[in-house]
Structure formats: C-alpha cells, structure tokens
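Residue numbers count from 1 along this sequence. Just so you know, these numbers use all the heavy atoms, side chains as well, and skip hydrogens, waters and symmetry mates. Being a predicted model, the structure only gives us computed values, none of them experimental.
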Amino acid sequence: MSTRHEFGAFTLEVRDDGVGIVTFWRPPVNAVSISVYEDIGRFADHVTGDQRIKVLVITAPDEARAWCGGADLHEFKGMTMERRKERYAFINEQLPRFHQIDRPMIAAIRHPAVGVGVMLAGMCDLRVASEDARFACPEVDYGLIGGSAGLFATLRMPEAKVREMVYTGRAFTARELESTGFFNYVVPRAAVLPIALDMAAHIARKPMPALRARKLASLMWEGSEWMDAYLEAQELSYALIESPESSAAVLAALERGKKRPKA
C-alpha cells in the first residue's frame with residue numbers, strides 16, 4: 001500500500017516502508033518556473049512534517065525529455081533587472097527549503113539535468129545516473145552566470161572540470177563526469193531507478209531519529225559557503241539580464257525549442 005500527494009508539478013508516493021518517491025513532471029522538458037519553485041517549497045514543507053517518510057527518491061517519468069530542464073526561459077522574455085531581483089528573492093526562499101529537508105534524498109537521474117537541475121541534483125545526498133544522462137550549466141550561453149560553482153566546490157568536484165562546465169556551457173554525460181565523484185553510481189538507464197529504490201529501502205530500515213540527525217549533521221558540515229557564493233553570483237547576474245546579448249540568446253533558444261520535434 002502507498003499514499004499519494006500532489007504538489008503541482010510533483011507527485012509524492014509514500015510507501016509503507018518509509019520510502020517516498022517524488023516524480024517531477026512538467027511537460028515537455030520539466031522546466032522550472034516560478035510556480036515550480038512554489039511547488040518545491042510546499043513539497044519540502046510537507047516532507048518535513050510527515051513522520052512516515054524516512055528517505056526520498058527523486059525521479060522523472062520514463063517519457064520525460066529531462067530530469068530537470070533548467071529555468072523556464074519563457075519567463076525571461078523582456079526580463080528587467082527589477083523583475084530579476086524579485087524572481088531571485090522568491091527563489092531564494094524556496095531552494096533552501098529543499099536543501100534543508102531533514103531526510104536523505106536520492107536523485108535517480110535517467111534524463112538530462114540542466115542549470116538549476118544540476119543544482120537540485122547536487123542538493124541531494126546521493127546520485128544515481130544513467131551513463132548517457134547529460135549534465136549542463138549553460139547560463140553563459142544566455143549572457144548570464146549560474147550559481148552552481150560554489151555547490152560543486154563544496155562537493156569537492158575538481159576545479160578544472162567545474163570551470164570547464166560553467167565557461168563552455170556544454171553538456172557532459174554522466175559517464176564523462178564519473179571521475180569527478182559527483183555520482184554514487186553511473187549505470188545503464190534501466191538500472192537507475194531499481195538501484196536508487198534499493199538504496200532507499202536499505203536506508204529506510206534505519207531508525208528515523210538517527211537518519212534525521214545524520215542529515216542535519218551533514219548540512220552543518222557543508223556550511224553556508226556555497227549558498228553565499230550562489231547569492232554573490234546572483235548579484236553579478238543582475239546587470240547582465242538587460243543586455244542585448246542576453247535577450248537575443250533567450251529568444252533564440254525559445255525559437256529553437258519551437259522547431260524541435262515533439263518527443
């Protein structure tokens with residue numbers, strides 16, 4: 001038996017063994033809009049108050065084109081510095097709520113993770129990825145800068161690879177990034193969810209007080225430095241958002257999306 005809860009773009013299925021399966025589904029590419037950030041906050045608050053949940057597995061449906069396709073570029077059309085600041089102010093209330101969920105979280109990634117998707121994966125405790133799943137921090141392609149570098153540094157990813165990702169914006173497969181230590185397992189796509197669920201079931205057999213204490217201890221060990229770096233990157237982005245280069249890049253990306261065949 002299991003129970004289901006809906007939080008906009010997220011469905012939470014809670015199994016009797018304490019494993020919570022979170023499915024992110026916002027067709028076509030699981031882009032993160034302001035409404036999705038709101039959903040993240042509501043979902044995080046529910047998990048914190050639900051004593052049945054001992055561990056979470058975060059996934060996307062088989063038919064999804066992305067595990068998380070990054071920021072919804074439609075919301076960037078005509079973006080001004082003032083609107084950007086308002087957007088960031090709201091986002092900065094939601095992301096910490098996700099990061100501070102006091103249960104272990106496992107990212108089961110079978111599809112691309114882009115921009116904030118890479119960041120959400122990094123906020124999870126454990127990561128199982130399909131060997132062909134692609135990971136990209138493409139903000140530079142839109143005349144902007146992303147805030148993932150500080151989190152990568154906290155996770156001890158090699159600095160040279162981090163800089164290659166954020167300077168080039170290109171996508172890397174999980175197999176190409178395997179040596180960075182970002183993943184627990186890099187496996188064929190069909191094995192991702194079974195391995196993640198097996199890990200979750202093993203963790204769920206542990207005492208809840210110990211799991212929560214261990215998660216909180218991990219959060220304290222990480223410290224706030226990466227979030228400080230993330231906020232500083234936002235400050236640098238404010239002036240970029242109104243540039244002609246950024247506006248043109250966003251519109252070009254949206255036009256490419258219109259021409260892309262439907263999955």
Side-chain angles (χ1 to χ4, degrees), residues 10 12-13 15 17-24 30 44 47 53-62 64 66-68 95 98-137 148-162 164-165 171-208 210-223 226:
F10 298 91
L12 169 62
E13 177 188 353
R15 303 192 320 196
D17 63 356
V19 174
I21 303 171
V22 182
T23 304
F24 178 29
N30 277 356
V47 171
I53 302 171
K54 301 180 77 173
V55 57
L56 295 168
V57 174
I58 302 176
T59 186
D62 290 339
W67 184 78
C68 176
L95 283 182
F98 177 84
H99 181 240
Q100 293 164 10
I101 289 175
D102 60 354
R103 319 293 157 83
M105 297 192 291
I106 303 171
I109 307 171
R110 297 175 290 172
H111 311 86
V114 181
V116 68
V118 179
M119 205 166 185
L120 291 172
M123 290 181 186
C124 292
D125 299 276
L126 307 170
R127 288 166 287 278
V128 182
S130 168
E131 55 195 355
D132 60 350
R134 298 170 72 82
F135 295 77
C137 299
S148 299
L151 179 57
F152 289 153
T154 297
L155 296 174
R156 306 295 192 269
M157 282 185 69
E159 181 183 349
K161 181 57 67 176
V162 173
E164 183 180 3
M165 292 181 72
F172 295 82
T173 66
R175 186 64 75 196
E176 290 177 297
L177 294 175
E178 186 174 16
S179 64
T180 67
F182 189 60
F183 308 103
N184 295 82
Y185 299 98
V186 176
V187 296
R189 180 173 299 196
V192 171
L193 197 54
I195 288 175
L197 290 173
D198 183 69
M199 293 171 67
H202 186 85
I203 292 170
R205 291 194 287 270
K206 310 303 180 185
M208 172 72 96
L211 289 176
R212 295 180 72 179
R214 177 63 265 171
K215 178 61 181 278
L216 292 173
S218 295
L219 292 172
M220 288 187 286
W221 173 79
E222 287 178 3
W226 76 265

Going by side chain to side chain donor-acceptor pair (under 3.5 Å), name the residues that satisfy it together with [X], two or more places apart in sequence or in a different chain.
{"X": "R212", "result": "Q51, D102"}
{"X": "R156", "result": "none"}
{"X": "S179", "result": "none"}
{"X": "E176", "result": "T173"}

Measure across [X] and [Y] and return the closest heavy-atom pair with its distance rounded to 0.1 Å.
{"X": "M208", "Y": "I53", "answer": "CE-O, 3.0 Å"}
{"X": "V116", "Y": "C68", "answer": "CG1-SG, 4.2 Å"}
{"X": "W67", "Y": "A113", "answer": "CE3-CB, 4.1 Å"}
{"X": "F182", "Y": "V118", "answer": "CZ-O, 4.1 Å"}
{"X": "A121", "Y": "I109", "answer": "CB-CD1, 3.8 Å"}
{"X": "S148", "Y": "G115", "answer": "OG-O, 4.2 Å"}

Flag side-chain contact, heavy atom, 4.5 Å: [X] against [Y]:
{"X": "V55", "Y": "I106", "result": "yes"}
{"X": "F152", "Y": "P158", "result": "no"}
{"X": "L219", "Y": "H99", "result": "yes"}
{"X": "T23", "Y": "F10", "result": "no"}
{"X": "F172", "Y": "R134", "result": "no"}
{"X": "S130", "Y": "V187", "result": "no"}

For [X] and [Y], indicate whether the former's side chain and the latter's backbone hold a donor-acceptor pair under 3.5 Å.
{"X": "K161", "Y": "L177", "answer": "no"}
{"X": "K215", "Y": "R103", "answer": "yes"}
{"X": "N184", "Y": "V128", "answer": "no"}

Let me see the working for I21 and T59 under side chain to side chain contact (heavy atoms under 4.5 Å, CB included), right down to the final yes or no.
-> CA-CA 7 Å; I21 303 171; T59 186; 4.2 Å; yes
Gap between atom [atom2] of [Y] and atom [atom1] of [X] - 0.5 Å precision:
{"X": "L126", "Y": "L56", "atom1": "CG", "atom2": "CG", "answer": "11.5 Å"}
{"X": "D17", "Y": "K54", "atom1": "CG", "atom2": "NZ", "answer": "9.0 Å"}
{"X": "R127", "Y": "Y185", "atom1": "CZ", "atom2": "OH", "answer": "13.5 Å"}

Give every residue pair that meets the ring-ring contact (aromatic ring centres under 6.0 Å, His included) criterion with at least one member in residues 103-136, sequence neighbours excluded.
-> F135-F183
Atom CD of E159 with >12 non-hydrogen neighbours under 6.0 angstrom | no
Could you walk me through whether W221 and L216 pass the side chain to side chain contact (heavy atoms under 4.5 Å, CB included) test, one step at a time?
-> CA-CA 9 Å; W221 173 79; L216 292 173; over 6 Å; no
Quick one: do L151 and M119 satisfy side chain to side chain contact (heavy atoms under 4.5 Å, CB included)? Show the steps, please.
-> CA-CA 7 Å; L151 179 57; M119 205 166 185; 3.9 Å; yes
Would you be so kind as to tabulate the donor-acceptor pairs closer than 3.5 Å made by side chains of residues 188-203, with sequence neighbours excluded?
from: R189; atom 1: NE; to: R110; atom 2: O; distance (Å): 3.3
from: R189; atom 1: NH2; to: R110; atom 2: O; distance (Å): 3.3
from: R189; atom 1: NH2; to: D132; atom 2: OD2; distance (Å): 3.4
from: H202; atom 1: ND1; to: R205; atom 2: NH2; distance (Å): 3.1

